[in-house]
Amino acid sequence: MTKTKVFSAIMAFAMMLSVLSGCGGNTNGNPATSVDTGSAESQVATADEMTTQEEVVEDGMEPIAGDQVKDGVYDVTVDSSSSMFNITECELTVKNGEMTAVMTMGGTGYLYVFMGTGEKAVKAAESEYIPFEEKDSGEHTFTVPVEALDKGIACTAFSKNKKKWYDRTLVFRADSLPMDAFAEGVITTPESLHLADGTYTVHVALEGGSGRASVESPAELTVKDGEVTAKLIWSSSNYDYMKVNGEQYNPVNTEGNSAFEIPVTAFDYKMPVSADTTAMSTPHEIEYTLYFDSATIEAK
């Protein structure tokens with residue numbers, strides 16, 4: 001064989017290897033890779049490329065697993081660490097100790113979510129990505145597994161325009177579920193404390209609103225025939241009613257800071273309430289939570 005023929009054979013073989021290598025370049029079916037020819041690292045947004053991340057896991061949160069919630073379908077509030085990943089509503093399904101959630105998004109900018117970090121997503125198979133589904137109204141939803149309530153869960157979302165994964169932290173809030181959603185023993189109920197009729201004090205913490213309002217602590221508790229009520233005295237005289245479980249309670253005083261007597265439905269739990277303030281140009285109902293610490297209950 002002449003030198004020219006040998007050289008030609010070598011070049012042909014090299015070209016064949018190049019073609020075969022190109023055909024096998026995307027072996028994991030990763031849609032992010034198929035639309036981005038950059039390296040895996042370039043497919044994950046850096047901190048500088050993301051909006052400021054908020055801390056959504058609150059002090060004192062204890063994870064609640066699926067076997068601690070009764071089977072059913074519930075509306076649940078989801079806190080996101082990024083305003084760019086806005087969840088407008090969410091439906092939680094609990095069945096046989098497993099939880100899944102359908103998150104309705106405030107925008108249509110994400111093609112996929114992955115339960116984990118972007119770094120893990122770029123190494124994962126396409127089958128592990130969760131694509132969006134479109135409602136008749138045009139809104140996008142993602143159906144995701146929920147490891148636990150009141151726990152920071154890593155979730156990364158693939159941007160349709162930026163072609164990158166953006167890391168988020170989600171918290172599915174237990175205090176947004178109704179009291180009867182929890183299995184027996186998960187929430188400290190008044191009945192479980194077996195308090196005798198009488199008057200007590202208890203430390204109470206208020207959260208919500210602008211953060212400027214507060215209530216006096218300790219608060220006075222009254223137990224009668226197994227029913228527990230608390231007298232709450234606000235730091236302002238501008239509240240004209242409160243609501244607990246949809247029922248309205250009016251002030252029990254006419255002078256000084258607003259005071260209310262309301263039922264206590266749970267201890268050691270952020271009990272949802274609302275209060276109407278007249279301090280603004282028009283009355284405004286504000287959502288709060290009250291945390292009554294059962295360990296601090298003392299007889300008067």
Side-chain angles (χ1 to χ4, degrees), residues 56-82 85-106 110 112-117 120-121 124 127-137 139-157 168-193 207-208 243-246 263-274 287-292 294:
V56 290
V57 181
E58 299 177 1
D59 291 341
M61 276 187 166
E62 294 289 339
I64 295 179
D67 59 3
Q68 295 177 285
V69 184
K70 297 176 184 176
D71 284 4
V73 179
Y74 310 96
D75 292 330
V76 63
T77 298
V78 188
D79 290 342
S80 168
S81 63
S82 173
F85 194 78
N86 181 29
I87 301 163
T88 58
E89 60 183 71
C90 187
E91 185 179 82
L92 179 76
T93 297
V94 185
K95 186 175 182 180
N96 298 328
E98 300 293 329
M99 296 188 290
T100 58
V102 180
M103 305 185 300
T104 299
M105 309 305 297
Y110 297 105
Y112 309 96
V113 298
F114 174 82
M115 303 313 289
T117 64
K120 292 182 178 179
S127 60
E128 296 183 64
Y129 298 161
I130 301 169
F132 72 85
E133 296 181 16
E134 187 168 348
K135 289 184 174 181
D136 292 340
S137 57
E139 296 169 301
H140 285 190
T141 67
F142 292 99
T143 301
V144 301
V146 178
E147 181 182 348
L149 307 178
D150 283 2
K151 178 180 180 178
I153 298 176
C155 175
T156 191
R168 317 299 189 195
T169 300
L170 306 179
V171 173
F172 295 82
R173 297 190 63 101
D175 59 15
S176 63
L177 270 59
M179 284 292 302
D180 58 6
F182 298 99
E184 186 176 351
V186 175
I187 302 296
T188 306
T189 63
E191 294 79 12
S192 67
L193 294 176
E207 290 186 5
K243 285 184 178 179
V244 181
N245 290 335
V264 178
T265 59
F267 292 85
D268 310 327
Y269 166 83
K270 292 183 179 180
M271 188 180 93
V273 300
S274 60
E287 302 295 324
Y288 295 98
T289 63
L290 293 168
Y291 187 94
F292 295 92
S294 66

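Within the model, atoms OG1 of T93 and CD of E98 stand 12.5 Å from one another, a figure rounded to the nearest 0.5 Å. The structure places CE of M271 at 14.0 Å from OH of Y288, a figure rounded to the nearest 0.5 Å. In this structure, the separation between CE on M105 and CD on E89 is 11.5 Å, given to the nearest 0.5 Å. Atom NZ of residue K243 and atom OG of residue S274 lie 6.0 Å apart, to the nearest 0.5 angstrom. Considering CD of E133 and CZ of F142, their distance stands at 9.5 Å, rounded to 0.5 Å. Rounding to the nearest 0.5 Å gives a distance of 9.0 Å between CG of L170 and SG of C90.
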T156 vs T117, side-chain contact (heavy atoms from CB on, under 4.5 Å): CA-CA, chis, key distance, verdict: CA-CA 5 Å; T156 191; T117 64; 5.7 Å; no

Candidate pair M61 and R173, rule side-chain contact (heavy atoms from CB on, under 4.5 Å), full reasoning: CA-CA 9 Å; M61 276 187 166; R173 297 190 63 101; 3.8 Å; yes

Working for side chain to side chain donor-acceptor pair (under 3.5 Å), residues S294 and D268: CA-CA 6 Å; S294 66; D268 310 327; 2.7 Å; yes

T141 vs K135, side-chain contact (heavy atoms from CB on, under 4.5 Å): CA-CA, chis, key distance, verdict: CA-CA 7 Å; T141 67; K135 289 184 174 181; 3.5 Å; yes

Chi angles and distances behind the side-chain contact (heavy atoms from CB on, under 4.5 Å) call for F182, I64: CA-CA 9 Å; F182 298 99; I64 295 179; 4.0 Å; yes

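Contact check for L149 versus L177: side-chain heavy atoms found under the 4.5 Å cut-off. Residues E91 and V73 meet the side-chain proximity criterion, which asks for heavy atoms closer than 4.5 Å. Side-chain atoms of P145 and M99, non-hydrogen and from C-beta on, never get closer than 4.5 Å to each other. Contact of the Y129 side chain with the M115 side chain is not registered, since no non-hydrogen atoms from C-beta on lie closer than 4.5 Å. For the pair L193/T188, a side-chain contact is recorded, criterion being any heavy-atom separation below 4.5 Å from C-beta on. D79 is not listed as a side-chain neighbour of I87, based on a closest heavy-atom distance of 4.5 Å or more.
For the residue pair S82 / R168, a side-chain donor-acceptor distance below 3.5 Å is found, with atom types taken as modelled.
The environment of E134 atom CD is dense: over 12 non-hydrogen atoms of other residues, nucleotides or ligands sit within 6.0 angstrom. More than 12 heavy-atom neighbours from other residues, nucleotides or ligands sit within 6.0 angstrom of CD on E58. Summarising the local packing, NZ of K70 is surrounded by more than 12 heavy atoms from other residues, nucleotides or ligands at distances under 6.0 Å. The number of heavy atoms from other shown groups lying within 6.0 Å of CG (D75) does not exceed 12.
Distance alone, capped at 3.5 Å, places no donor-acceptor pair between the T169 side chain and the G152 backbone.
Nearest heavy-atom pair, T265 versus P190, reported as atom, atom and distance to 0.1 Å: O-CD, 3.5 Å. Closest non-hydrogen pair, A266 versus M179, comes out as CB-CE, 3.4 Å. Shown here for V171 and D150, the closest heavy-atom pair between the two residues is CG1-CA, 4.0 Å. Nearest heavy atom pair, residue P272 against residue D175, reads CG-O, 3.2 Å. The shortest non-hydrogen separation linking I130 to V144 is CD1-CG1, 3.9 Å. The nearest pair of heavy atoms linking V146 to T100 is CG2-C, 4.2 Å.
A centroid separation of less than 6.0 Å is found between the aromatic rings of Y110 and F85.
Using a 30° and 60° split on the angle between ring planes, F292 and F267 fall in the perpendicular class, above 60°.
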